[in-house]
Amino acid sequence: MLPATIEWKEGRLLLLDQRQLPSRTEYVSCESAEETARAIENMTVRGAPAIGVAAAYGLVLALKGEDFAAAARRLAGTRPTAVNLFWAIRRMEALWRANEDKNKDELYLIMEKEAKNIHDEDIEINKSIGRFGQEILPEKGAAITHCNAGALATAGYGTALGVFRAAAEAGKEIKIYADETRPRLQGSLLTAYELQRDGFDVTVITDSMAAFLMSRVKIDAAVTGADRVAMNGDAANKIGTYSLAIAAKRHGVPFYIAAPLSTFDAGCASGEDIPIEERGGGEVRAVGGVEVVPEEIKVWNPAFDVTPNELITGIITERGIIRAPFAENIKKFFPGRKR
Ligand SMILES: CSC[C@H]1O[C@H](OP(=O)(O)O)[C@H](O)[C@@H]1O
């Protein structure tokens, strides 16, 4: 059984410290929005849906003595790409504004309940994504994934890894190849750990091996998560996803994004509109704590890239699989939605 990614215990937010996995299972306790914001920035908690859930609880913690609007701005300023963060903050802010006239205790209970709703809903949404997604997989075969879009990236069960979990629950035997996912290694440190603990046949490869693997091994599907999906189906996800999609296209491997509808951003017409987080060069400069690129050499470290919709076979959501023509078919899921 995997340790819980996020726990809310007696008014404290406990975050599984994913920087210590897989060697140590430790929790960081957050007692304020500021502490929650730092945990998102330093990737104690990471993964688009997970940081949305964490931010929702962070805004409950803010009620204990922080300026609520300032706390919302602080949390919104932590990481720019995962739209679930902003979706969760907007949802909590709207509730706060609607109940500002309530006394402190009543307001706290209302906000705490909403954060728990966001938490519980995420797990149910992931299971629904899994149910739809497992249909793309054969009774016996192989799939490849990138980064970690599992229970550790969400409130539980996972999006891309939820597809694999649902396939296993349906009795399918799917061998998983996991890209290590340089530079933060979410694949080798988190996905391999998650899948191995759940009894999957998982093999870690370096990101650069994916194309060669597909040229030699039958891969039935590539399935990754997403941090933001534009209205034309372009999808932002961990750096290296775009390269995987190109390799999949070259080798005729169907490429799927698994993401909840809260990851779609009506404010982004295409992938051009998606802000891409750039992180410090230290993540690239050092390998295993050993500096391999000296300071005088420049480093570029975009944490995400954008896969254009023409490389995507389908987007697996909790309400079904969206296929091309994406702009037209995505619109059906958001009748008249404002950003
Ligand atoms: C369930 S999607 C999670 C998504 O978030 C990851 O990014 P990070 O580890 O930097 O938060 C990666 O893009 C995953 O696909």
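All values derive from a computational prediction rather than experimental measurement. Every number for a ligand or one of its atoms is a count from 1 in the order of the listing.
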For N237 and ligand 1, answer yes if some heavy atom of the residue is under 4.0 Å from a ligand atom, otherwise no.
yes
- Item | Pi-cation contact, F334 with K331 (under 6.0 Å, within 45°) | no
- Message: With respect to D227, determine whether any N or O atom, backbone or side chain, lies less than 3.5 Å from an N or O atom of ligand 1.
- Response: yes
So the atoms of ligand 1 within less than 4.0 Å of a heavy atom of R79 turn out to be 8 (P), 10 (O), 11 (O)
Short version for P49: what comes under 4.0 Å of ligand 1, heavy atoms counted, is side chain
Value for CZ (F255) from CG (L311), rounded to nearest 0.5 Å, stands at 8.0 Å
### Query
Looking only at N/O atoms, are A153 and ligand 1 under 3.5 Å apart anywhere?
no
Ligand 1 to M43, heavy atom cutoff 4.0 Å, flagged ligand atoms 9 (O), 10 (O)
At under 4.0 Å between heavy atoms, what of N148 touches ligand 1? The answer is backbone
Problem - Pair D105, N103: side-chain N/O donor-acceptor within cut-off below 3.5 Å - result: no
Between the NE2 atom in H119 and the CD atom in E7, the distance rounded to the nearest 0.5 Å is 8.0 Å
In this structure, atom 6 (C) of ligand 1 is nearest to the protein heavy atom R46 NH2, 3.6 Å
Logged contact type for Q186 with ligand 1, heavy-atom cut-off 4.0 Å, is side chain
- request: Please verify whether a non-hydrogen atom of T241 lies at under 4.0 Å from ligand 1.
  value: no
Mind checking whether A303 has a heavy atom under 4.0 Å from ligand 1?
no
Open item on the list: Ring of F304, cation from K238 - is the NZ or CZ under 6.0 Å from the centre and inside 45° of the axis?
Closed with: yes
When distances are taken from atom 2 (S) of ligand 1, the protein heavy atom at minimum range is A226 O, 3.6 Å
For T159, the ligand 1 atoms with a heavy-atom partner under 4.0 Å come out as 1 (C)
